[in-house]
Amino acid sequence: MRIACSYRIFTAVLLFAISAGSSAWAGDASLAPTPPMGWNSWDSYGQTIDEAHFKASADWMAKHLKKFGWQYMVIDEG
């Protein structure tokens with residue numbers, strides 16, 4: 001009896017997950033095509049970022065990554 005109940009609950013949850021996610025799979029226009037894409041200084045410089053390095057990173061990103069949707073530059077913890 002307990003296994004049958006667990007199976008029914010699992011099946012119901014699985015069907016709900018599939019139906020809830022189907023709009024995302026179908027290209028729902030209310031969802032963003034990508035997450036916000038950008039660069040964070042902490043990943044490369046930690047607390048040592050300065051203006052020259054930031055500008056050089058921004059120039060490189062604009063030249064090489066902007067066409068792929070990268071648009072944000074963040075100075076973090078410095």
All pairs passing side chain to side chain donor-acceptor pair (under 3.5 Å) where residues 58-69 contributes a residue, at least two apart:
W60-H64
Pairwise distance NE2(H53) to CD1(I75) - rounded to 0.5 angstrom:
12.5 Å
When rounded to the nearest 0.5 angstrom, what distance separates CG in N40 from CG in D76?
4.5 Å
Checking M73 now: which residues fulfil side chain to side chain contact (heavy atoms under 4.5 Å, CB included) with it, not counting sequence neighbours?
W39, F54, S57, A58, M61
W70 to M37 - nearest heavy-atom pair and separation:
NE1-CE, 3.1 Å
Under 3.5 Å, is there a donor-acceptor pair between the side chain of S44 and the main chain of S41?
no
